[in-house]
Amino acid sequence: MQKLELKGVNKHFGDLLVLTNINLTIEEGEFAAIVGPSGCGKSTILRMLAGLEEASEGQVLANGQPITKPDPRRTLIFQEHALYPWRTVEQNVGFGMELAKEPKDERKKRIDEILEKVGLDGFQKYYPHQLSGGMRQRASIARALVLNPEVLLLDEPYGALDAITRLAMQNELIRLWRGTGKTVLLITHDIDEAVYLADSIYVMSPRPGHFIQTLHADMARPRNRNGQKFVELRQKIMDNLDIGSYSI
Amino acid sequence: MSTQDTQSLTEDISGTSSEASPGKRGKPSLWNKSWPYLAAVGSLLVVWEIGALIENKPFILPDVVQTVPRFFQSFSDAEFMNGVWRSMYRLAVGYPVACLLGALLGLLAGVSRTFAVYLRSLISILQSIPPITWVPFLLLLLGFGDTVIIAVITIASFFPMALSVMNGTEGVNKTHLELARVFGANRMQLLTKVFGPESLPAFITGAQVSFGNAWRSLIASEMVGGASIGLGKYLSYHGEIADMKGVMISIIVIGGIAALLDHVVLERIKRKLLHYRYVSGSGGKK
Ligand SMILES: Nc1ncnc2c1ncn2[C@@H]1O[C@H](COP(=O)(O)OP(=O)(O)O)[C@@H](O)[C@H]1O
Ligand SMILES: [Mg+2]
C-alpha cells in the first residue's frame, strides 16, 4: 500500500500560478478529501499524483519515491466517467487487464466479480450510452477497482449525478473501500460529501490554490449527516471558504 | 432478461428513473426501411414517364415501358457488360488507392501541424479544379488506358478521406488518452486501443464521401474520352449515335450501382464497424 506526499509543491501553467506551497501527507489506507472552489487547482493536484502532470517546484512522492509517470497501481477516476463509447461495460471494465495482457478467462472472472460488487451484474454487454449517469460512474469505478490498485484518486466522481444517486454512491464507495487498506484521495466541491466520507479534509483557497486548513473527521462510520460533530465540521469548512454566513 | 426486467433493474440500481429510454422493440421490417428508397426511385420513374408522354417522340425520349426490355437485354449485351465490368475494375483499383492515400495523408496531418496546413492548402486548390480537367494532361503523360482514369479517381477522391481523417485525429478525446495512460497503456496500445477506434467513424465518413467523388469522376472521365471501353464511354457513344434507350439504361445503371455500393455495401460495413452506435435504448442484447 502507498503513502502519498506533496512537499512544497508549486505549479504554474505558463504565467498562470495555479498551486503554491502545497504540503500534503496521506498515510497508507487513509481516506482524504480536498474541498475547494472551482478552478483552484484540485484536479491539478490529483493529476500530479496520477503522474499525468509534473510539479513546477517541489516533490510529489509515493512511498518516498518521486512519481514521474502513470502507474496502474494508482488509478484516477475522472470527473466525467470517461468510459469508451465503443466498448461494452465488460470491455471497459476489463480495459486495464487487457492492457496488461491478462488471460481472457481470468479477465472475465474478475470483471463479473467486480460488476456484481458495484451492482452492475447483468449489464456486461451494455454500451455506456445505454446506462444512466450513476451506472456509468459505477462502471468507471469498477474499471479502477478491478485492478486492485493501492491508491484511488477520485476527481469529483459524483459531481454530475443527481442528489439522491450521489448519496447512494457515497455509501457504496465507503462499502467498497472499507477494510481494503487502499489509500484514497477524493476531490469534491461538495462539503457534505467530504465530511461524510473522509478521515482528513483539506480546505483549499481560490487560485493560486493552497491549503487554508486541515481538518480531521474523527467520527465513526456510518456517519450521521445531522450529528453535532458533522454539523460543526461542516460549519468550520464553510467559514474557511468564506461562505459560512452572509450580510445583506 | 426480458425488457421489463432490464427496465426495472435499471431503475433499482441507479435509484432514479434511468435516462436510458426503452428502445423500439424488434428490428424495423425491411419494408419500413426501404420504402423511402423505393419512393425516391418511383418518383423519378414517374417524372420520366410523364416527360416521355408529353414529348411523345420515342426516338428522343423513350418511355419507361419501352426501355425496360432493353434494360434486361443489356445484361447479355457484351458491349454494355464489358463496359460495366471495366468501370468496376477501375473503381476497384482507384477507390481503395484513394482511400489509403487519403487516410495516410490525413494521419500525417494529424501528427504534424505544418503538414496539416500544407495539406489543407493543397486540398483547397485541388478541390476547385474539376477532376476531368486532368484527363487531357494525364492522357499525354500516361498514355491511353486504365491508368489515366484510375489517376483521376485518385485525385478526385483522396481528399474527402484526408480531410475527414485529419479532423478525426484532431478530435481524439484527451481524457480517453489520459485514461489509457493511467491504466498503463504503452504507445502502441494508445494507437490501437484509443486512437484507432476513436477515429474510426472519421475514416468511415471519409470513405463514404470519397466513394461519391470516385464514382462521379470515373464516369465523367470515361465520357470525355479517357477510355475506349466503360460505362461512361458507352453512355457518351450511344448519345452520339442517338440511341436514347442506351443512354437511359446507362444512367439507370450508373445510379443503381452507386446506390447499391453506397447504401448497401458501405452502409453495412459502417454499421458493422460502428456497431456500438446503433444499439438503442436500454434494450441492448443481454
Ligand atoms: N493543461 C493546462 N494548461 C493551462 N492551464 C491549465 C491546465 N490545466 C489546468 N489549468 C488551469 O489551472 C487552473 C486549475 O485547474 P484545475 O486543477 O482543473 O481546477 P479545479 O479542479 O480545482 O477546478 C484553472 O484555472 C485551469 O484553467
Ligand atoms: Mg477539477
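Note on Lys69(A), Arg143(A), Arg73(A): by heavy-atom pairs under 4.5 Å with chain B, the leading option is Arg143(A). The greatest number of non-hydrogen atom pairs below 4.5 Å with chain B, out of Pro128(A), Ala100(A), Pro85(A), is found for Pro85(A). Of the listed residues (Leu76(A), Leu52(A), Thr88(A)), the one with the most heavy-atom contacts under 4.5 Å to chain B is Leu52(A).
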Only distances under 3.5 Å count here; give the side-chain donor-acceptor pairs of residues 97-110 of chain B to other protein atoms, sequence neighbours excluded, each with its distance to 0.1 Å.
none

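Heavy-atom proximity under 4.5 angstrom to chain A picks out Lys174(B), Thr175(B), His176(B), Glu178(B), Leu179(B), Ala180(B), Arg181(B), Val182(B), Phe183(B), Gly184(B), Ala185(B), Gln189(B) from residues 169-189 of chain B. Listed in order of number, the residues of residues 201-212 of chain B that approach chain A to under 4.5 Å between heavy atoms amount to none.
Proximity of His275(B) to Trp86(A): side-chain heavy atoms (C-beta onward) are nowhere separated by under 4.5 Å. A heavy-atom distance below 4.5 Å is not found between the side chains of Tyr276(B) and Arg87(A).
At a 4.5 Å heavy-atom cutoff, the contact between Leu83(A) and chain B is made by backbone atoms alone.
Dense packing is recorded around CZ of Phe13(A), with more than 12 heavy atoms of other residues, nucleotides or ligands lying under 6.0 Å away. Around atom CD of Glu267(B), more than 12 heavy atoms belonging to other residues, nucleotides or ligands sit under 6.0 Å away. Annotation: Phe115(B), atom CZ; neighbour count of heavy atoms from other residues, nucleotides and ligands within 6.0 Å is above 12.
The ring-ring contact (aromatic ring centres under 6.0 Å, His included) search around His12(A) returns none, not counting sequence neighbours.
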Going through the distances and angles, do Tyr84(A) and Lys193(B) end up as a side chain to side chain contact (heavy atoms under 4.5 Å, CB included)?
CA-CA 10 Å; Tyr84(A) 295 119; Lys193(B) 302 212 184 269; over 6 Å; no
Dump the intermediate steps for side chain to side chain contact (heavy atoms under 4.5 Å, CB included) on Arg277(B) and His129(A), then the final yes or no.
CA-CA 9 Å; Arg277(B) 291 196 167 182; His129(A) 71 87; over 6 Å; no
